[in-house]
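In what follows, a structure is listed as structure tokens, so that the remarks can point back to it.
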There are 2 protein chains.
Amino acid sequence: MKKETTRTELPLNRILGGDCIEVMRALPAESVDLIFADPPYNLQLRGELHRPDNSRVDAVDDAWDQFDSFRAYDDFTREWLAAARRLLKPDGAIWVIGSYHNIFRLGAELQNQGFWILNDVIWRKSNPMPNFRGKRFTNAHETLIWASKSENSRYTFNYEALKALNEGVQMRSDWVIPICTGSERLKNERGEKAHPTQKPEALLHRILIGTTNPGDVVLDPFFGTGTTGAVARMLGRNYVGIEREAEYREIAERRLEKVRPLPADVLEVSTSKRAEPRVPFGQLVERGLLRPGEELYSLGNRFRAKVRADGTLVGKDVKGSIHKVGAQLEGAPSCNGWTYWHFKRDGKLVPIDMLRQQIRAEMSGARPN
Amino acid sequence: MKKETTRTELPLNRILGGDCIEVMRALPAESVDLIFADPPYNLQLRGELHRPDNSRVDAVDDAWDQFDSFRAYDDFTREWLAAARRLLKPDGAIWVIGSYHNIFRLGAELQNQGFWILNDVIWRKSNPMPNFRGKRFTNAHETLIWASKSENSRYTFNYEALKALNEGVQMRSDWVIPICTGSERLKNERGEKAHPTQKPEALLHRILIGTTNPGDVVLDPFFGTGTTGAVARMLGRNYVGIEREAEYREIAERRLEKVRPLPADVLEVSTSKRAEPRVPFGQLVERGLLRPGEELYSLGNRFRAKVRADGTLVGKDVKGSIHKVGAQLEGAPSCNGWTYWHFKRDGKLVPIDMLRQQIRAEMSGARPN
DNA sequence: CCAGGTGCTGAATCCCCCA
DNA sequence: ATGGGGGATTCAGCACCTG
């Protein structure tokens, strides 16, 4: 049963037909920045499942034979996840979505394969289908798991952009988003909904804005009618879709043709201070913005320190960087010297960070960027 | 190494010392209606964490939360779940709570053992701890799983009572409840929090109202400081607690002594068979059961509000119906004012729902029901 | 008595570059 | 690979104090 697979180049912004496990195995390793996966959880699919040795799992229709069906689902999960993992760049990440039918098995297998869970996120549906028989709670949410490829991955997280999306408050792990209805819901020629579990674009919008950058490659191995691709294309990300059903692929192709990518300037998002160019404190002295020997005053004006010619400070029994001296004086584990230390101008105390901003402004002025 | 265990009778309304797996193995099979379990989460924390103001976060670093590997945690989960399962009556059910660190392994093992998941429920914290380094989403929720012993269990679900708790709308799978702080949070002699992970009583209140009946037996194998027992006792349910740490047991004993069980008539919950007559809150004032100006006290005694002559309440910065004011004070989408607000009689706090029951009794007149 | 400000805390897998 | 050091980072609720 061994199949010869030729590793192709990664075809960007295309939908690939076929079984996602086989297709992924033929793609180049470590070529993808983000994976979004909405795998099937319908246990009726078990007839199409394969064990790791590629033997087919017998169709088991008996409802009581849960153990075998869970095992088959776990085998399927293990295989596609391993194939997906291979494609991820070392600093890549994955999102999976599911309900209580499958999310626990999915999450456990993610952990087993060495993915590092960063958050579980609750998609809280503002308009869920009620529980008609009154025997359970309204199933009003689905669960997403966001995980990096490994514990030490430097994953992408646009903290400031998400905070801005959330009215200036840190984005939480529970997201209120309506289900996909109305004109967004795709129909087939017969007027029926084209796909049973089409996800809202708002969900993918938040995921892609928050955990990818423009130009990144986003892979969706269960592409369906292409929500991931549509949002990726709109947001200037590259997508790779894999879908087994020809009908879904055709609908997705037509959908993607209509998407107009947004211009680059709109795609710029708020960035954190971490992204700003580094300015050594010594430059302030070199450029004469602070004189050697000048006195600096701590936040709260409890301590003083003197600037030395090499860009270090000297205070009472302490010397070192602006950060180190501040931390030692405060007895704190760390200290941001830029906001901690102040200098005197016209009798007023001004944070030295103002001088850093001045230098940064000059730097960006030189480079028209 | 075989240990002879004598199967004792089930000791009701007591806290049992020792390892919960061993203790459960010594209890009689099929004797429990509901299990609530808050097992260790296996947090796997690395270094210290500081807030932006440099204060240190008091982490959950207790020995009982340390496991060497996922394998070790899975073994532990398998054993305690199996022991718990044996104790459940055929129509019994279980609730477990966890975070992304452990909930996927917990859910998968529940399924493996033949439990039938009925819902996963999201506890949305109205006041979670933020993410201090801006590297992830605020971890603003925990996940509960509600499962019956088997697929065909006729589990208890008080649909109408929960609907009433939710202002007449079907209860959803996401619950907004504040974390346990303030006066509800138990302290030890040193003034520190007595238990690092004490759960809010409101969470147990909803679980016990929704999925048990008065007189049922509720087992909590990780009893801690006894939240499950306290709410069970208040609501006229029997509890069995198991806790390994003597210090937690002593605190729980003292806590439970103080709990006053509610009278039986208050515990009757709505049934779908016969709708209870609606009683406007204003009738309590008209009839002189409550005086205008009288002070009401919130569940948990955190808030107060004053009764106005028109049957509305006025609290700090809020006025309106008993439901609306309760919801606003709690920051919750809704609130059942009848069970939320209490008045003082003979120095004790009594839910205003008792007065409604009184009026209903009068209304039903000849029918003693 | 109220308004406003300060301080503390909560189940947390919480940095990243460079030598 | 590992260590050192620059320097970035928080929301809601309650207790307590001051004016």
Side-chain angles (χ1 to χ4, degrees), chain A residues 91 111 115-120 147-148 151-152 154-155 157 159-160 163 166 168-173 271-276 278-282 311 320-327 332-341 353 356, chain B residues 38-62 64-67 70 97-103 123 125-143 178-185 191-193 195-200 224 300 302-303 316-317 329-331:
Chain A
D91 289 340
Q111 292 179 311
F115 287 98
W116 193 246
I117 298 183
L118 299 165
N119 279 112
D120 57 339
S148 58
E151 181 174 353
N152 300 313
R154 286 176 315 223
Y155 55 89
F157 185 59
Y159 176 76
E160 293 293 336
K163 192 171 169 179
N166 198 33
V169 187
Q170 186 170 96
M171 185 74 79
R172 298 168 41 115
S173 58
T271 57
S272 71
K273 286 188 196 158
R274 278 186 263 256
E276 308 247 327
R278 242 189 68 167
V279 177
F281 175 71
S321 71
I322 51 174
H323 314 294
K324 215 169 198 170
V325 172
S334 70
C335 171
N336 183 342
W338 291 105
T339 52
Y340 180 77
W341 291 110
D353 200 27
R356 181 171 64 162
Chain B
D38 181 13
Y41 286 11
N42 189 22
L43 284 189
Q44 305 174 267
L45 302 178
R46 301 297 191 238
E48 290 199 332
L49 180 64
H50 292 89
R51 298 185 182 80
D53 66 2
N54 271 327
S55 62
R56 198 178 69 87
V57 174
D58 184 15
V60 179
D61 52 4
D62 306 72
W64 50 253
D65 199 47
Q66 309 297 324
F67 293 83
F70 282 132
I97 181 168
S99 65
Y100 65 83
H101 309 84
N102 69 327
I103 196 66
W123 168 25
K125 304 179 184 183
S126 54
N127 49 352
M129 181 159 68
N131 183 286
F132 295 117
R133 307 301 292 269
K135 299 307 291 181
R136 302 182 177 196
F137 299 98
T138 311
N139 207 339
H141 73 276
E142 293 189 26
T143 301
I179 62 176
C180 182
T181 59
S183 60
E184 189 186 325
R185 189 83 193 218
E192 307 154 340
K193 58 185 175 193
H195 193 283
T197 70
Q198 186 183 341
K199 296 291 174 287
R302 279 175 47 210
F303 300 105
K316 189 171 150 53
D317 302 328
L329 290 173
E330 291 292 342

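- Syn is the conformation of C:dT13, whose glycosidic angle sits no further than 90° from 0.
- Mapping B:T197 and B:G134 onto DNA chain C by nearest heavy atom places B:T197 at the nucleotide closer to the 5' end.
- A sub-4.0 Å separation between OP1 or OP2 of D:dG5 and a side-chain N or O of A:S321 is absent.
- The backbone N or O of A:R356 sits nowhere less than 3.5 Å from a side-chain atom of A:W338 that would complete a donor-acceptor pair.
- Residue-level contact check: A:E160 touches the backbone only, with heavy atoms under 4.0 Å from sugar-phosphate atoms and none from bases.
- Among the protein residues, A:N166 comes within range of no part of the nucleic acid, since none of its heavy atoms lies under 4.0 Å from any strand.
- Within the nucleic acid shown, B:P128 comes within 4.0 Å of at least one base atom, counting heavy atoms only.
- The side chain of B:F70 has C:dT13 as its nearest neighbour among D:dG6, C:dC14, C:dT13.
- Considering only the side chain of B:K135, C:dC14 comes nearest among D:dA8, C:dT13, C:dC14.
- Using a 4.0 Å heavy-atom cutoff across all strands shown, B:K199 reaches at least one base atom of the nucleic acid.
- A:Q170 places a side-chain N or O within donor-acceptor distance of the main-chain N or O of B:N131, the cut-off being under 3.5 Å.
- Comparing the same atom, P, in D:dG7 and in C:dA12 gives a spacing of 30 Å after rounding to whole Å.
- The residue A:R274 sits close only to the backbone: its heavy atoms come under 4.0 Å of sugar-phosphate atoms, none of a base.
- At least one donor-acceptor pair closer than 3.5 Å links the side chain of A:D91 to the backbone N or O of A:R154.
- Under a 3.5 Å cut-off, the side chain of B:N54 and the backbone N or O of A:A332 do not form any donor-acceptor pair.
- Remark: C1' of D:dA12 and CZ of A:R172 are 10 Å apart, rounded to the nearest angstrom.
- Using a 4.0 Å cut-off, some side-chain N or O of A:H323 falls inside it from OP1 or OP2 of D:dG7.
- Between the B:D62 side chain and the B:D65 main chain, no donor and acceptor come within less than 3.5 Å of each other.
- B:E142 comes within 4.0 angstrom of a nucleotide base, judged by non-hydrogen atoms across all strands.
- The interatomic distance linking B:M129 (CE) with D:dT9 (P) rounds to 19 Å, in whole Å.
- Using a 4.0 Å heavy-atom cutoff across all strands shown, A:R356 reaches sugar-phosphate atoms only and no base atom.
- With rounding to whole Å, B:D62 atom CG is found 14 Å from C:dA12 atom C1'.
- The base of D:dA12 does not come close enough to the side chain of B:K125 for any donor and acceptor atom to sit less than 3.5 Å apart.
- Side-chain N/O atoms of B:K193 include none lying less than 4.0 angstrom from OP1 or OP2 on C:dT9.
- When rounded to the nearest whole Å, the span between CZ of A:F281 and P of D:dA8 equals 14 Å.
- In this structure, of C:dA12, D:dT9, D:dC11, it is D:dT9 that holds the atom nearest to the side chain of B:P52.
- When only modelled atom types and interatomic distance are considered, B:S99 and B:H101 share a side-chain donor-acceptor pair under 3.5 Å.
- Contacts of B:S126 with the nucleic acid, taken as non-hydrogen atoms under 4.0 Å apart, involve only primed sugar atoms and P, OP1 or OP2.
- Not a single donor-acceptor contact under 3.5 angstrom links the side-chain atoms of B:S99 to the base of C:dA12.
- As a whole-Å value, the separation of B:R136 CZ from D:dT9 P is 17 Å.
- As rounded to whole Å, 4 Å separates atom P of D:dG5 from atom NZ of A:K324.
- In a base pair of the Watson-Crick type (N1 to N3 plus N6-O4 or O6-N4) or a G-U wobble (N1-O2 and O6-N3), with each distance short of 3.5 Å, D:dT18 is matched with C:dA3.
- Taking only side-chain nitrogens and oxygens, A:N336 comes nearer than 4.0 Å to OP1 or OP2 of D:dA8.
- Remark: side-chain polar atoms of A:S272 are paired, donor with acceptor, to backbone N or O of A:R274 under 3.5 angstrom.
- As judged by a 4.0 angstrom heavy-atom cut-off over every strand, B:G47 is placed among the base-contacting residues.
- Using a 4.0 Å heavy-atom distance criterion, B:N42 is classed as making no nucleic acid contact.
- Not one N or O on the side chain of A:Y159 forms a donor-acceptor pair closer than 3.5 Å with the backbone of B:R133.
- When the P atom of C:dT13 is taken as reference, atom CZ of B:R133 falls 13 Å away, rounded to whole Å.
- In this structure, the nucleotide among C:dA12, C:dC14, D:dA8 sitting nearest to the side chain of B:R46 is C:dC14.
- A distance-only check finds a donor-acceptor pair linking the side chain of A:R172 to the backbone of B:K125 [under 3.5 Å].
- Of the listed nucleotides (C:dG10, D:dT9, C:dA11), C:dG10 has the atom at the smallest distance from the side chain of B:D58.
- Between D:dC11, D:dA12, C:dT13, one nucleotide has an atom nearer to the side chain of B:Y100 than all others, and that is C:dT13.
- Side-chain N/O atoms of A:Y159 include one lying less than 4.0 angstrom from OP1 or OP2 on D:dT10.
- Nucleic acid contact class of B:N139 (heavy atoms, under 4.0 Å, all strands): sugar-phosphate only.
- Within 4.0 Å (heavy atoms only), B:C180 reaches no atom of the nucleic acid at all.
- Projected onto DNA chain D by closest heavy-atom contact, A:V169 and A:G337 fall at different nucleotides, the more 5' of which corresponds to A:G337.
- You'll find a donor-acceptor pair under 3.5 Å spanning the side chain of B:R51 and the base of C:dG10, going by distance alone.
- Here A:S272 lies in heavy-atom contact (under 4.0 Å) with sugar-phosphate atoms only.
- B:P39 comes within 4.0 angstrom of a nucleotide base, judged by non-hydrogen atoms across all strands.
- Separating the CZ atom of B:F132 from the C1' atom of C:dC8 is a distance of 11 Å, rounded to the nearest angstrom.
- Side-chain atoms of A:I117 lie closest to C:dT13 of the nucleotides C:dA12, C:dT13, D:dG7.
- Both distances falling under 3.5 Å, in either a Watson-Crick or a G-U wobble arrangement, place D:dC11 opposite C:dG10.
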